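For reference, the structure is listed below as structure tokens.
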Amino acid sequence: MVTVGILALQGAIREHARSLEASGAEVKIVKRVEDLNDIDALVVPGGESTTMRRLIDKYEMFGPLQEFAKSGKPVFGTCAGLILMAKDIIGQDVGHLEVMDIKVHRNGFGRQRESFEIPLDVKGLEGDPYIGVFIRAPYIESVSPDTEVLATFQDKIVAARQGRFLCCAFHPELTDDHRMHGYFVKMVEETKNELHNVSK
């Protein structure tokens, strides 16, 4: 079994935990730097990206989170988590964790009152369309050649994967459909096996 940490500074922590556990992962809540030591992967939830960055700095987690991302372990950012992972944020001189080669629009689909749900065809998810819950959501304007686009809506990129990094503009934790978390847990299992084989 893999252990997935959830960065617990803001956002729907309990809902992410429920979906990860339903997908076969053990969950660890990450509130301090030390909590990063014993996990195989990390989820960076939604919330408000500027507030989350302020809390990351307050608890001195910025450097450790960047190191974790560089360590080879998977990271999954949802909504504000996607913004924190982006190397390029339109309207900002610098990004935050800057681990994915993507350019994003904050609040790209409008403010809170413009929130919506929409069925999406997500590459890698079998079965019915996945219902994306968009709340003050960003979108990805462009990606690097090594980043795979997994879903679009209105010609805007709303889910993508770059190697061990996964992100989506919507909130997969707010539905009873655990396929996005299951996709991530499978990534974590594959990566853990690869790292284990390398260390032999």
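Note that this is a predicted model, so its numbers are computed, not measured.
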Kindly indicate, with the supporting measurements, whether the criterion side chain to side chain contact (heavy atoms under 4.5 Å, CB included) is fulfilled by V44 and T78. CA-CA 6 Å; V44 183; T78 63; over 6 Å; no
For V143 and Q162: C-alpha separation, side-chain torsions, deciding distance, then whether side chain to side chain contact (heavy atoms under 4.5 Å, CB included) applies. CA-CA 9 Å; V143 301; Q162 181 182 10; over 6 Å; no
Just do the side chain to side chain contact (heavy atoms under 4.5 Å, CB included) check on V122 and M180 with the steps written out, would you? CA-CA 9 Å; V122 181; M180 281 300 297; 3.9 Å; yes
Check for me whether R53 meets the cation-pi criterion with F62, that is, NZ or CZ under 6.0 Å from the six-membered ring centre and within 45 degrees of the ring axis. yes
Would you confirm whether [X], through its side chain, and [Y], through its main-chain N or O, come within 3.5 Å as a donor-acceptor pair?
X: Q154; Y: K156; answer: no
X: E173; Y: I13; answer: no
X: R106; Y: I83; answer: no

Separation between [atom1] of [X] and [atom2] of [Y], rounded to the nearest 0.5 Å:
X: Y59; Y: R54; atom1: OH; atom2: CZ; answer: 12.5 Å
X: K123; Y: T152; atom1: NZ; atom2: OG1; answer: 9.5 Å
X: E117; Y: L174; atom1: CD; atom2: CG; answer: 9.0 Å
X: I102; Y: D88; atom1: CD1; atom2: CG; answer: 9.5 Å

Does some side-chain heavy atom of [Y] sit less than 4.5 Å from a side-chain heavy atom of [X]?
X: H171; Y: T175; answer: no
X: K103; Y: I140; answer: no
X: D146; Y: D101; answer: yes
X: L150; Y: V158; answer: no
X: V4; Y: D40; answer: no
X: L7; Y: P45; answer: yes
X: T147; Y: R161; answer: no
X: K87; Y: M100; answer: no

How close do [X] and [Y] get, counting heavy atoms only, and between which atoms?
X: G72; Y: T191; answer: O-CG2, 3.3 Å
X: F184; Y: P74; answer: CE1-CB, 3.7 Å
X: G95; Y: E98; answer: N-OE2, 2.8 Å
X: L82; Y: C167; answer: CD1-SG, 3.8 Å
X: E15; Y: A12; answer: OE1-CB, 3.2 Å

Report the residues that fulfil side-chain contact (heavy atoms from CB on, under 4.5 Å) with H178, sequence neighbours left out, ordered by chain and then residue number. R18, S19, A22, S23
Is it true that, when you exclude F116 itself, more than 12 heavy atoms of the residues, nucleotides or ligands shown sit nearer than 6.0 Å to its CZ? yes
With a cut-off of 6.0 Å (strictly less than), are more than 12 heavy atoms of other residues, nucleotides or ligands near CG of D121? no
Between H16 and F76, how do the two ring planes meet: parallel, tilted or perpendicular, split at 30° and 60°?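 Rings of H16 and F76: perpendicular, as their planes differ by over 60°.
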Out of L42, N37, I6, which one pairs with V30 under the side chain to side chain contact (heavy atoms under 4.5 Å, CB included) rule? L42
Do F170 and F153 have ring centres separated by under 6.0 Å? no
Give me each pair satisfying salt bridge (Lys or Arg N to Asp or Glu O under 4.0 Å) with a member in residues 22-33, each pair once, sequence neighbours excluded.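 Checked against salt bridge (Lys or Arg N to Asp or Glu O under 4.0 Å) - neighbours excluded - the pairs reaching residues 22-33 are K28-D38, R32-E34, R32-D35.
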Side chain to side chain contact (heavy atoms under 4.5 Å, CB included) between V75 and V99, intermediate numbers included: CA-CA 9 Å; V75 181; V99 297; 5.7 Å; no
Any link between I89 and L55 through a network of hydrophobic side chains (Ile, Leu, Val, Met, Phe, Trp, Tyr) touching at under 4.5 Å? yes
Residues 127-138, side-chain donor-acceptor partners within the protein, below 3.5 Å, at least two apart:
from, atom 1, to, atom 2, distance (Å)
Y130, OH, P172, O, 3.4
Y130, OH, D177, O, 3.3

